[in-house]
Engineer: 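Attaching a single structure in structure tokens format; questions to follow.
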Amino acid sequence: MSLIRISPDWQLPEKLITSESAFVNRRKFIKQVVGAGLAASILPLQGCDRTSASFHTTQTPYPNLPQNPNFTNLPSATTPEDLATRYNNYYEFGGSKSIWEAAQNLPTDNWRVEVSGLVKNPRTYDIDDLHKKFPLQERIYRFRCVEAWAMVVPWVGFPMRLLMADVEPTSAAKFVRFTSFYDPKITKGPGFWATNYPWPYTEALTIQEMANELAFLATGIYGKTLPKQNGAPLRMVLPWKYGFKGAKSIVKIEFLDHQPPTFWNTLVPNEYGFVANVNPNKPHPRWSQATERIVGNGPSFSWDTQPTLIYNGYGEYVAHLYT
Ligand SMILES: Nc1nc2c(c(=O)[nH]1)N[C@H]1C(S)=C(S)[C@@H](COP(=O)(O)O)O[C@H]1N2
Ligand SMILES: [Mo]
């Protein structure tokens with residue numbers, strides 16, 4: 001019996017061949033799982049069934065949501081809600097794209113976000129504070145994962161620069177680290193081979209990137225509060241960067257004087273750079289970034305493709321940050 005199937009990549013469930021986890025998983029899999037003779041019981045976890053169970057939503061609609069007129073008209077159609085909320089990356093809850101059910105274990109009641117470090121006014125906000133303090137708006141953004149798939153998503157939230165103005169970073173602050181919720185009893189990860197991943201999931205930006213008009217903190221999606229699988233109750237959205245830069249379920253935001261290590265950049269530095277701007281001319285070591293697959297119905301090999309745009313089409317807002 002052969003434990004590792006050799007098949008064309010379009011036969012692999014969810015195109016795991018271009019997954020952020022594939023590189024590390026394959027090595028650890030061979031070392032730990034096959035060695036331990038447990039592969040047969042692990043392999044079925046990679047199966048995919050997006051529609052099998054019913055989903056009791058904890059989402060609340062936002063009434064009278066203003067749309068930001070600068071971010072409404074996009075040439076491509078908005079991704080259907082059931083796709084954007086069923087095809088997810090959230091490694092704390094598993095390594096496949098169908099973790100939306102597992103993510104329902106995320107405890108979002110009485111959520112607090114600590115904002116600290118090199119700031120004049122350190123604060124801890126609850127989600128009500130955020131809603132009261134920062135007026136919510138809807139923005140439709142293009143969304144590009146480093147795995148070469150793309151969506152168009154209507155987010156609800158507020159620009160990060162408003163939160164920055166509220167806490168007033170000192171002149172020593174150069175970087176900002178964002179930390180996701182992590183509790184190994186709840187967030188079981190993509191299997192036991194991921195126990196030595198650098199949890200919790202963290203991401204970071206320069207102060208200039210955080211101050212950019214595009215940098216967004218989302219509390220909602222499709223006119224409602226975020227479902228857990230999309231990073232409830234607060235997640236980062238950075239439309240000119242690859243999706244992994246946008247950490248989900250944020251519990252802490254720290255202003256620092258140095259560039260901190262971050263999750264994917266620590267795990268596989270040559271594949272997931274710190275800056276990670278969408279760039280068709282800079283291939284990932286394992287695949288081209290020249291085109292992207294538009295997340296759609298059915299198997300991923302049948303999705304339409306389109307050319308990748310530099311800065312994901314947002315160069316007029318951000319190109320000056322990188323000259
Ligand atoms: N905490 C946390 N944040 C995360 C991830 C994750 O695994 N854990 N995955 C990232 C990646 S790779 C992508 S593409 C987006 C996916 O967001 P979505 O599921 O809402 O489409 O979330 C990002 N934020
Ligand atoms: Mo991603």
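In listed order, ligands and their atoms are each counted from 1. Here, residue 1 is the first one in the sequence, and each next residue gets the next number.
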Engineer: Could you tell me whether ligand 1 has any atom less than 4.0 Å away from a heavy atom of S249?
Structural biologist: no
Engineer: I need the nearest protein heavy-atom contact for atom 18 (P) of ligand 1: residue, atom name and distance, please.
Structural biologist: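 In this structure, atom 18 (P) of ligand 1 has K248 NZ, 3.4 Å as its nearest protein heavy atom.
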Engineer: Anything under 30° is parallel, anything over 60° is perpendicular, the rest tilted; go ahead and classify W199 against F263.
Structural biologist: tilted
Engineer: So, 4.0 Å and heavy atoms of F143: is ligand 1 close enough to count as a contact?
Structural biologist: yes
Engineer: Spell out, as yes or no, whether a donor-acceptor pair under 3.5 Å connects the side chain of R112 to the backbone of T124.
Structural biologist: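 Absent.
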Engineer: What atoms of ligand 1 come closer than 4.0 angstrom to any heavy atom of N88?
Structural biologist: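 By the 4.0 Å cutoff, the relevant atoms are 18 (P), 19 (O), 20 (O).
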Engineer: Can a donor-acceptor pair be found, under 3.5 Å and without considering hydrogens, that links the side chain of K241 to the backbone of V275?
Structural biologist: yes
Engineer: What about N230: any of its N or O atoms under 3.5 Å from an N or O on ligand 1?
Structural biologist: yes
Engineer: Has the side chain of T219 got a donor or acceptor atom that lies under 3.5 Å from a matching backbone atom of L234?
Structural biologist: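 Side chain of T219 to backbone of L234: no pair is present.
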Engineer: Give me the residue, atom name and distance of the protein heavy atom closest to atom 8 (N) of ligand 1.
Structural biologist: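 Sorting protein heavy atoms by distance from atom 8 (N) of ligand 1 puts E92 OE1, 2.8 Å first.
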Engineer: Please determine whether any non-hydrogen atom of E203 lies less than 4.0 Å from an atom of ligand 1.
Structural biologist: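 E203: no contact with ligand 1 (<4.0 Å).
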Engineer: I'd like to check which ligand 1 atoms, numbered from 1 as shown, lie under 4.0 Å from a non-hydrogen atom of M151.
Structural biologist: 21 (O)
Engineer: State whether K224 and E81 are salt-bridged, where the test is any N-O pair (Lys NZ or Arg NE/NH1/NH2 against Asp/Glu carboxylate O) under 4.0 Å.
Structural biologist: yes
Engineer: Among protein heavy atoms, which sits nearest to atom 10 (C) of ligand 1, and what does the distance come to when rounded to 0.1 Å?
Structural biologist: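 Here the closest protein heavy atom is Y201 OH, 3.5 Å.
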Engineer: Ignoring hydrogens and angles, state whether a donor on the side chain of W264 or Y201 is under 3.5 Å from an acceptor on the partner side chain.
Structural biologist: yes
Engineer: Checking the side chain of Q229 only, and the main-chain atoms of T85 only, is there a donor and an acceptor separated by less than 3.5 Å?
Structural biologist: yes
Engineer: Write out the residue and atom name of the closest protein heavy atom to atom 7 (O) of ligand 1, then the distance separating them to 0.1 Å.
Structural biologist: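 The protein heavy atom lying closest is Y91 N, 2.7 Å.
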Engineer: Give a yes/no verdict on whether any heavy atom in R235 is under 4.0 Å from an atom of ligand 1.
Structural biologist: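 Yes; R235 lies near enough to ligand 1 that a heavy-atom distance drops under 4.0 Å.
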Engineer: Begin with the C-alpha distance, continue with both residues' side-chain angles, and end with the deciding distance and a verdict on salt bridge (Lys or Arg N to Asp or Glu O under 4.0 Å) for E213 and R139.
Structural biologist: CA-CA 12 Å; E213 176 59 26; R139 292 185 178 194; 2.5 Å; yes
Engineer: Give the numbers and elements of all ligand 1 atoms closer than 4.0 Å to a heavy atom of C145.
Structural biologist: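 The atoms of ligand 1 under 4.0 Å from a heavy atom of C145 are 14 (S).
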Engineer: If you measure from each heavy atom of G231 to ligand 1, is any distance below 4.0 Å?
Structural biologist: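 In this structure, G231 fails to qualify as a contact of ligand 1 - no heavy atom is under 4.0 Å.
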Engineer: Which heavy atom of the protein is the closest neighbour of atom 24 (N) of ligand 1, given with residue, atom name and distance?
Structural biologist: G246 O, 2.8 Å
Engineer: Taking non-hydrogen atoms only, is E147 closer than 4.0 angstrom to ligand 1 via side chain, backbone, both or neither?
Structural biologist: neither
Engineer: Taking only heavy atoms of F244, which atoms of ligand 1 are found under 4.0 Å from at least one of them?
Structural biologist: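 Close to F244: 10 (C), 11 (C), 12 (S).
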Engineer: Cut-off 3.5 Å, side chains only: do N89 and K97 have a donor facing an acceptor?
Structural biologist: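 Present: a donor and an acceptor within the cut-off.
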Engineer: Mark up the atoms of ligand 1 that fall under 4.0 Å of a heavy atom belonging to A247, in ascending order.
Structural biologist: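 Atoms satisfying the 4.0 Å criterion: 3 (N), 24 (N).
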Engineer: Suppose we measure from atom 9 (N) of ligand 1 to each protein heavy atom; which comes out shortest, and what is that distance?
Structural biologist: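 Closest protein heavy atom to atom 9 (N) of ligand 1: N89 O, 3.4 Å.
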Engineer: Picking from Y242, Y87, F301, W287, what satisfies ring pair (Phe, Tyr, Trp, His ring centres under 6.0 Å) with W149?
Structural biologist: Y87
Engineer: Does E92 pair with K248 as a salt bridge, N-O distance under 4.0 Å?
Structural biologist: no
